[in-house]
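Numbers here simply count residues along the sequence, with the first being 1.
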Amino acid sequence: MRSVRKCSRTGCLEPAVATLTYAYSDSTAVVGPLATASEPHSYDLCEAHALRLTVPKGWEVVRHEGAFAAPDPSADELTALAEAVREAGRPGKPTPPAPEPEGPSGRRGHLRVLPGRA
């Protein structure tokens, strides 16, 4: 199921509205509108983190002018949400029977009780 992208900052659960990328050769951080797809070398940020971003001394920040807008849910996201709701509303599936215990102890695990040797 595809879900709304969240802010990349640790502990932040807000939805992402901006994308941060770095141009290391120019010592520049670019904060722009949310990219259409998540990229491995970019970071999704919520509005608060996008506006408060600071960079190291000697670096420059290029920011998107205007307010950041939350992305509209796509048809894929709405379909996935509808499927999740349908699945949650279905009656429970029967659970498979538990497997038979192994060994003389009746417990499954990495240790077993073995009969003593005489």
Side-chain angles (χ1 to χ4, degrees):
M1 178 175 123
R2 194 174 141 207
S3 62
V4 175
R5 289 170 20 207
K6 300 288 183 194
C7 183
S8 296
R9 295 291 301 259
T10 303
C12 184
L13 300 175
E14 295 297 315
V17 297
T19 297
L20 166 66
T21 55
Y22 292 106
Y24 292 99
S25 60
D26 298 328
S27 299
T28 304
V30 180
V31 180
L34 187 63
T36 55
S38 181
E39 297 290 330
H41 299 292
S42 63
Y43 303 91
D44 295 335
L45 298 175
C46 65
E47 186 170 16
H49 286 122
L51 295 174
R52 292 187 306 192
L53 177 77
T54 60
V55 294
K57 188 175 183 179
W59 280 60
E60 183 180 353
V61 178
V62 176
R63 291 185 201 272
H64 168 71
E65 290 184 15
F68 293 107
D72 294 328
S74 70
D76 290 343
E77 290 172 337
L78 293 175
T79 302
L81 178 61
E83 286 297 324
V85 169
R86 277 190 215 109
E87 186 67 30
R90 289 185 183 144
K93 297 177 184 174
T95 57
E100 293 295 319
E102 292 180 10
S105 70
R107 292 188 64 189
R108 290 185 56 149
H110 69 282
L111 299 176
R112 294 186 196 185
V113 177
L114 300 175
R117 295 186 184 177

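- Residues R9 and L45 meet the side-chain proximity criterion, which asks for heavy atoms closer than 4.5 Å.
- Pairs of residues two or more places apart, or lying in two chains, that qualify as salt bridge (charged side-chain N to carboxylate O under 4.0 Å, His left out) and include a residue from residues 35-56 are R5-D44.
- W59 and L53 fall within the same hydrophobic cluster, where Ile, Leu, Val, Met, Phe, Trp and Tyr residues are linked whenever their side-chain heavy atoms come under 4.5 Å apart, directly or through other members.
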Under 3.5 Å donor-acceptor pairs involving side-chain atoms of residues 10-34, not counting sequence neighbours:
unit_1: T19; atom_1: OG1; unit_2: A35; atom_2: N; d: 2.8
unit_1: T28; atom_1: OG1; unit_2: D26; atom_2: O; d: 3.0

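- Transitive grouping of hydrophobic side chains (ILVMFWY, heavy atoms separated by less than 4.5 Å) keeps Y43 and V62 in distinct clusters.
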